[in-house]
J.: 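Input: one structure, supplied below.
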Protein chains: 2
Amino acid sequence: MRIGEVASAAGVSTRALRYYEQQQLIASSRSTGGQRLYTPDTVERVRWIQLLYAAGLSSRTIVEFLPCVHTGIAGPEMIARLRAERDRLDDHMRDLAATRARLDSVLAAAEFGATRPAGEAAEV
Amino acid sequence: MRIGEVASAAGVSTRALRYYEQQQLIASSRSTGGQRLYTPDTVERVRWIQLLYAAGLSSRTIVEFLPCVHTGIAGPEMIARLRAERDRLDDHMRDLAATRARLDSVLAAAEFGATRPAGEAAEV
DNA sequence: CTTGCCTTTGACGTTAACGTCAACTTTTAC
DNA sequence: GTAAAAGTTGACGTTAACGTCAAAGGCAAG
């Protein structure tokens, strides 16, 4: 596959793919003319990359994780890193849930205020 | 309160507080000598700011939300914005949960491999 | 062969939320 | 009254993940 195909299949820009290659996140062979050629599974790989980015991992961390993500093989040290990131994710999700709850209560108050005809029972 | 007190109370740097003021997120009066003076509720406000930042909101958005967060008053348009952000948060949390699950299954596979004494039942 | 689209490398631009001096002035503590 | 600690403005630095030209070469179709 050429770069444009992979890009549209994975939903990213060609610029992003070149950037990923530079960060060692993906690899490519070259055509005789020098154009990048990818194997089809690159698309899946790129999707993983997007997921991990969205989860707040840096490209440096993703580079560490990707091999083990595909092979399912990891040394004890890598397992610890994986656990750490998973736990960080858990913490983050808890924080988000709390924030969401507070935002929701603000919303409830605002909606309640909005249902009052502007000044009903507003003062004593 | 002076800037240092607020900073340590809220767990941010003084630089951050000056930045927030520049972004209109917080306000301050000045001492005769020109030093910033804050009311105690600024601490709470800064905590809110941190929460919303962590939730992925930009300072521009936070500036819109903060008044209504404190007063509980919002026009219909603001209520729509609040709902939109809450929903975005929900979506994001779902994505994170999915990613966490996939990461966890990778971990499970890796841990399983690690419990095998290196080559037991690995090949047929 | 040539038109038109795709790709390549190189390099500068962008954005957000601060970090980090530097050179001073204010406050505080003794 | 005098250090030391804390604060002030101004301005440049940082980082990540790309965006956006620019100039030039590759590639399938007719």
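No hydrogens, no waters, no symmetry mates; every other heavy atom, side chains included, goes into these values. Residue numbers start from 1 in every chain, and the chains themselves are labelled A, B, ... in the order their sequence lines are given, proteins ahead of strands.
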J.: Taking only heavy atoms on the protein side, list every residue of residues 43-57 of chain B lying under 4.0 Å from any atom of DNA chain D, sorted numerically.
T.: none
J.: With a 4.0 Å cut-off on N to O distance, would you call B:Asp91 and B:Arg88 a salt bridge?
T.: no
J.: C:dC18 C1' sits how many Å from B:Ile62 CD1, rounded?
T.: 14 Å
J.: How far apart are the closest heavy atoms of B:Tyr38 and B:Ser28, and which atoms are they?
T.: CE2-CB, 3.6 Å
J.: Keeping the roles fixed (side chain from A:Glu85, backbone from A:Leu82), state whether a donor-acceptor pair exists under 3.5 Å.
T.: no
J.: Does A:Arg30 reach a base, just sugar-phosphate, or nothing at all? Heavy atoms under 4.0 Å.
T.: sugar-phosphate
J.: Could you write nucleotides 21-30 of chain D as a row of B, S and -, 5' to 3', where a protein heavy atom under 4.0 Å of any base atom gives B, of only sugar-phosphate atoms gives S, and otherwise -?
T.: -----SS---
J.: When the nearest nucleotide of DNA chain C is assigned to A:Arg36 and to B:Ser58 on a heavy-atom basis, which residue is associated with the more 5' position?
T.: A:Arg36
J.: I need the minimum non-hydrogen distance between A:Val6 and A:Met1, along with the two atoms involved.
T.: CG2-CB, 3.8 Å
J.: Which whole-number value in Å describes the distance from B:Arg60 CZ to C:dT15 C1'?
T.: 13 Å
J.: Exactly one of A:Leu52, A:Leu25, A:Ile49 should register a side chain to side chain contact (heavy atoms under 4.5 Å, CB included) with A:Ser59. Which one does?
T.: A:Leu25
J.: Considering only NZ, NE, NH1 and NH2 on the basic side and carboxylate oxygens on the acidic side, decide whether B:Arg18 and B:Glu21 come within less than 4.0 Å.
T.: no
J.: Separation of B:Leu37 atom CG from C:dT27 atom C1', in whole Å?
T.: 12 Å
J.: Angle between the end axes of the helix from C:dC1-D:dG30 to C:dC30-D:dG1, five pairs per end, to the nearest 10 degrees?
T.: 10°
J.: Considering only heavy atoms, which members of residues 3-20 of chain A lie under 4.0 Å from some atom of DNA chain D?
T.: A:Ser13, A:Arg15, A:Ala16, A:Tyr19, A:Tyr20
J.: Hey, is B:Arg2 close enough to B:Glu5 for a salt bridge, meaning N to O under 4.0 Å?
T.: no
J.: Knowing that exactly one of A:Leu96, A:Thr99, A:Asp95 qualifies, which makes a side chain to side chain contact (heavy atoms under 4.5 Å, CB included) with B:Leu51?
T.: A:Thr99
J.: Closest approach of A:Ala9 and A:Arg47, non-hydrogen atoms and distance?
T.: O-NH2, 2.7 Å
J.: Return the value, rounded to whole Å, for the distance between atom CD of B:Glu21 and atom C1' of C:dA17.
T.: 16 Å
J.: Should the pair B:Arg100-B:Asp104 be classified as a salt bridge under the 4.0 Å nitrogen-to-oxygen rule?
T.: yes
J.: Which pairs count as side-chain hydrogen bond (donor to acceptor under 3.5 Å, both in side chains) when at least one residue sits in residues 62-82 of chain A, sequence neighbours excluded?
T.: A:Arg45-A:His70, A:Glu64-A:Arg81
J.: D:dT8 C1' sits how many Å from B:Tyr38 OH, rounded?
T.: 11 Å
J.: Partners of B:Arg60 by salt bridge (charged side-chain N to carboxylate O under 4.0 Å, His left out), sequence neighbours excluded?
T.: none
J.: In terms of relative ring orientation, are B:His92 and A:His92 parallel, tilted or perpendicular, with 30° and 60° separating the classes?
T.: perpendicular
